[in-house]
Amino acid sequence: GESVGLHLPTLSVQEGDNSIINCAYSNSASDYFIWYKQESGKGPQFIIDIRSNMDKRQGQRVTVLLNKTVKHLSLQIAATQPGDSAVYFCAESILSGTYKYIFGTGTRLKVLA
Amino acid sequence: DSGVTQTPKHLITATGQRVTLRCSPRSGDLSVYWYQQSLDQGLQFLIQYYNGEERAKGNILERFSAQQFPDLHSELNLSSLELGDSALYFCASSFGQNTGELFFGEGSRLTVL
């Protein structure tokens, strides 16, 4: 399940710093958004989700921000750790609609020691 | 371990051939989704099944077909294979049709020579 080799934008962050990963989504009708993490050799793993009636949601060390006006999502990771190195994908969906989750192209996060 | 099982993990075949990828969803999950991950395209939604019925279709080629069986496992059939079909194929499952979290398998890596 590795994503090594994908031609992705890369974000390099010093260990201990905060990371901000951005995503622009395509459909203004989308009302549900998810962030996934894909480590090398594995399938995507759920991190956090947010519905369109919210603009912020916090998890453990992660925060997702939603700006519907400009169709933008961001994932903030606090105190980034080496284990956070992975590819991060946002996905959008319409809960009452056609049920398909559309994924963004992804961002590779590299944590520097 | 997500609970989603995909076989085979790796498959090498020749152009023009036909292959079948298999997915067993998490116990209790009724929805199965198939995604293709290639170098240039990221995660592309192919098709979704819910309790044996097709629910949503994405960018799935006519050479590809899928089905979900009464025991809820799913198969993705890829025929008349081309070099460009080389990719990682992921299966994901969820309990409902439009519920939040998708649980991904480890993927099947297909190489077409």
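Basis for what follows: all heavy atoms, side chains included, without hydrogens, waters or symmetry-related copies. Chain naming here is simple, since letters A, B, ... match the order of the sequence lines and numbering starts at 1 in each.
- For B:Tyr33 and A:Tyr101, the gap between ring centers is short of 6.0 Å.
- Contact between B:Phe90 and A:Gly43 at its shortest, heavy atoms only, is CE2-CA, 3.5 Å.
- For the atom pair CD1 (A:Ile47) and CD (B:Glu101), the distance works out to 10.5 Å, reported to the nearest 0.5 Å.
- The side chain to side chain contact (heavy atoms under 4.5 Å, CB included) check on B:Arg18 picks up B:Thr20, B:Asn77, B:Ser79, with sequence neighbours excluded.
- By the criterion of side-chain heavy atoms lying less than 4.5 angstrom apart, applied directly or through intervening Ile, Leu, Val, Met, Phe, Trp or Tyr residues, B:Val19 is grouped together with B:Phe64 in one hydrophobic cluster.
- Cluster annotation: A:Ile77 and A:Val13 are assigned to the same hydrophobic cluster (Ile/Leu/Val/Met/Phe/Trp/Tyr, side-chain heavy-atom contacts under 4.5 Å, transitive).
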- Message: If you apply the rule side chain to side chain contact (heavy atoms under 4.5 Å, CB included), what do you find for B:Leu102 with A:Phe46, and how did you get there?
- Response: CA-CA 7 Å; B:Leu102 299 183; A:Phe46 175 92; over 6 Å; no
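- When hydrophobic clusters are built by joining Ile, Leu, Val, Met, Phe, Trp and Tyr residues whose side-chain heavy atoms come closer than 4.5 Å, directly or via intermediates, A:Phe103 is grouped together with A:Leu8.
- Once rounded to the nearest 0.5 Å, the distance linking CZ of A:Phe89 with OH of B:Tyr35 reads 11.5 Å.
- To the nearest 0.5 angstrom, A:Gln38 atom CD is 8.5 Å from B:Phe104 atom CZ.
- In this view, A:His72 satisfies the ring pair (Phe, Tyr, Trp, His ring centres under 6.0 Å) rule with no residue, not counting sequence neighbours.
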